[in-house]
Amino acid sequence: MRASGERARRDVLKGAAAGAGLAAAGIVTTRPAYAADADSPQGRPHRPESVTARMGGTSVTLSVSTHGTLHWSARRDGRTVIGTSALGVRLGDGTVLGSDVRVTGRRHRTHRSTWTPVYGRNATVTDHYQEHRWDLKDRATGIRFGVQVRAYRTGVALRYLLLDTEAASTATITDELTTFVFPDGTTVYSARDENAYEPVAPGSIPVTGTATTDNGPLTDPPLTATLPDGLIACVCESSRVDYPRLMLGSVDGEPNTLSAFLMEHTARGTGPVETASTVTTLFATPWRAVVIGAGHAELVDNAELVLNLAPPNALPDPSWIKPGKVFRCELTTAAGLAGVDFAVARGLEYIEYDAGWYGPEFTTPDATKPIAAIDLPSVISYATSQGIGVFLYVNRLALTDADSLFGLYKSWGVQGIKLGFINDGTQSMTNQIIDWAKTAAKYQLLIDMHDDVRPFGYERTLPNWISLEGVRGNEQFPTATHNVTLPFARNIGGPMDYTICYGQSRDKTTNAHQMAMAAVYYQPLNFLFWYDKPSKYANPANWPGLPWFNAVPTTWDESRTLAGSIGEYVAVARRSGSVWYLGAMTDESSRTLTLPLSFLGRGTYTATVYADGTPGASPYQTPVVVGTRSVTRADSLDVAMAPAGGQAVVLKPS
């Protein structure tokens, strides 16, 4: 953080959302869209005011103090989630918008609609909120700005509006001053880049970073907090456009407070440093969302709040976008052809050639020519004839002309691209990432962005951006405790590319634990059998879990989180058509969960249960045992899991 001892915040507001951009983001600047009150009375300096938006037991309050300072707070069922916290942005000339303001206009509305995602956790999403907006004037400079707050049943959100248009129509911003003050006794789950999660007090975020990265007690969102009264909350961002990525930092002397920190460096220190940003007004900052659950399981089911805050689908015809399962092939023609056959046999939708298919990725800037070992036209032709799509990996060094490159891939018959070492953080990188996704959409290519990229709801806006990494997945073979933290943390923010490993000796979990991930994690593009070859599974009798992976989808009609406690256990059921897929996972402790099946429809279902057998010498050696039984919605399942284990269950109408 800054040597002056100032709070852990930084510059950066980035713009490009004037007029039409605001409309696309859902900002209405004319009063008829709201029930508008009269302007604040003149001649009453520092008159304290507050307004509260409420929805289904959740509330968010916007207030101005007797000193003219802006604050916000949030509650759930009368209990504090966020205490009185600061609001404001700092401009390039040192002006702080939010330190001494006058309310010039008040607007409010209640909105309810439903929308249909191209893919998702549920077939339809309800967007129901109450919103309050204050139009404000900085008393010292006369600069006009605003703050919007929304209350949903599932959480709260806020953002800033820059409203001045009379002068240069731009603003330079060097800081966002939003804070999040949690109740005493709160624990937050801190992780930066692809590190493991550390449960710490808000004031004890570990110091991380290097001389070429943002340095200090900083953590990446989504950032989950468990509150002492049983509530759980996850801080996310949504609708980030022309703006740097949010981090959160501890604040010296304020043990319960986290402060917004807008990145000046890219995530791993590549690219120029950006210490300030110029935005075009009118401009809306990204939403700061707090997803809230009365319990841990409810938090997982409330994750669609992030999508509700993002702009609607911008693609006129997304019918070509197909979620699915992917197999990574070795870098030869024969491996690609075998991968296609394996995909057909195993119910997968895609194969992928990863790093190296066009040469060493960090020394080969030309991704237009395959290595001699790969006859790419033959592989793509064969894959297409078998109904299998092909993904190609591209390192960022080869993305100097994405339009030309993506157009070439489209002409080859490629259906998706996986971009590597895309480390966002600065305003420029935010814009670059969105531009890559838009360019991919132009050529009807799916896009999966890897390495330190964090979600902000744009899979709704550009649904061809089907996945991203930003997670400690099976490239690091994390612990079971980490794996059962992810549903309540990183996965709340959006899709994640974890790379499931089945029967892999380096796993620190059982095979049933890995299988359950396909239902527990939301992964519309799901890489399976990571590190493996088709020959490994030549005798399916040796791999009783294969039918589960053959059948399990990656996009859903309905999702229900049945049980959970962050870092301990989780159970999620998801429906596709009339079939339910249930996954349960535990930490390093053995555990039995009793799960009511009241979510089922009427009639009898056949439950095919893939469970942990007798624990082996190490978790991955624990066998998968398969059994069946008939159940109805009146029944419960006793889900027994070995240490670092899990269960996967298919529930199919009889």
Side-chain angles (χ1 to χ4, degrees), residues 2 4-11 13 27 29 31 34 36-53 59-75 80 82-108 131-151 156-167 171-181 251-254 256-262 279 281-285 287-288:
R2 289 178 179 158
S4 63
E6 209 172 90
R7 288 182 177 180
R9 310 156 175 151
R10 292 259 172 138
D11 328 269
L13 240 157
I27 305 171
T29 58
R31 286 187 181 267
Y34 291 83
D37 301 323
D39 285 353
S40 298
Q42 301 293 322
R44 295 187 184 178
H46 305 317
R47 180 169 68 89
E49 300 184 55
S50 67
V51 66
T52 300
S59 65
V60 56
T61 297
L62 181 61
S63 61
V64 60
S65 74
T66 55
H67 301 290
T69 55
L70 275 175
H71 300 91
W72 73 289
S73 60
R75 297 174 70 81
T80 296
I82 304 293
T84 301
S85 301
L87 290 171
V89 292
R90 179 177 287 113
L91 303 181
D93 64 1
T95 299
V96 173
L97 301 181
S99 64
D100 188 4
V101 303
R102 179 168 66 87
V103 181
T104 62
R106 306 168 189 79
R107 312 178 187 194
H108 67 271
E131 176 182 288
H132 283 277
R133 168 177 157 181
W134 273 355
D135 292 341
L136 302 158
K137 182 176 285 188
D138 180 67
R139 294 171 67 95
T141 65
I143 293 173
R144 298 186 304 117
F145 70 108
V147 178
Q148 272 179 299
V149 294
R150 286 183 184 175
V156 303
L158 64 89
R159 67 175 171 184
Y160 304 95
L161 312 173
L162 298 184
L163 303 176
D164 271 322
T165 58
E166 291 84 354
T172 298
I173 301 180
T174 58
D175 226 341
E176 181 181 326
L177 309 179
T178 311
T179 64
F180 302 79
V181 179
V251 179
D252 288 345
E254 300 183 35
N256 295 326
T257 300
L258 292 175
S259 179
F261 181 99
L262 299 171
V279 302
T281 56
L282 306 167
F283 181 77
T285 69
W287 288 101
R288 301 331 185 184

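The first residue in the sequence is number 1, and the count goes up from there. What you see is a predicted model; the values in this text were computed from it and never measured.
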With a 4.5 Å cut-off on side-chain heavy atoms, are Asp135 and Leu163 touching?
yes

Non-hydrogen side-chain atoms of Val147 and Leu70 separated by less than 4.5 Å
yes

Nearest heavy-atom neighbours spanning Ala151 and Ser59:
CB-CA, 4.4 Å

Spacing of CG belonging to Asp175 relative to CG belonging to Leu91, to within rounding of 0.5 Å
10.5 Å

Could you work out, with side-chain hydrogen bond (donor to acceptor under 3.5 Å, both in side chains) as the rule, every residue matching Thr95, not counting sequence neighbours?
Asp93

Do you know which of His108, Glu49, Arg107, Gln148 makes side-chain contact (heavy atoms from CB on, under 4.5 Å) with Trp134?
Glu49

Beyond-backbone contact of Val156 with Val149, side-chain heavy atoms, under 4.5 angstrom:
no

CG of Leu258 to CD of Glu254, rounded to nearest 0.5 Å, is 10.5 Å

Residue of the set Leu87, Val60, Ile82 for which side-chain contact (heavy atoms from CB on, under 4.5 Å) holds with Leu158
Leu87

Can you tell me how far the OG1 atom of Thr281 sits from the CZ atom of Arg144, to the nearest 0.5 Å?
9.0 Å

List the atom of Val101, the atom of Leu136, and the distance in Å for their closest heavy-atom pair.
CG2-CD2, 4.1 Å

When you compare the side chain of Leu161 with that of Leu282, does any pair of heavy atoms fall below 4.5 Å?
no

Are Thr52 and Thr61 close enough, and set up right, to give a side-chain hydrogen bond (donor to acceptor under 3.5 Å, both in side chains), and what steps lead you there?
CA-CA 4 Å; Thr52 300; Thr61 297; 2.7 Å; yes

Is there side-chain contact between His71 and Ser85, with at least one heavy-atom pair below 4.5 Å?
no

Any chance you could measure Trp72, atom CH2, to Thr178, atom OG1, to the nearest 0.5 Å?
8.0 Å

If every non-hydrogen atom of Val251 is compared with every non-hydrogen atom of Ser259, which pair is closest and at what distance?
CG2-CB, 3.6 Å

Which pair of heavy atoms, one from Phe145 and one from Leu162, lies closest together, and at what distance?
CB-CD2, 4.2 Å

Please answer whether the main-chain N or O of Gly88 pairs with a side-chain N or O of Tyr160 as donor and acceptor at a distance below 3.5 Å.
yes

Can you tell me how far apart CG (Asp100) and OG1 (Thr69) are? Round to the nearest 0.5 Å.
8.5 Å

Would Thr80 and Arg75 count as having a side-chain donor-acceptor pair, cut-off 3.5 Å?
yes

Validation row: Phe261, Glu176 side chains within 4.5 angstrom (heavy atoms)
no

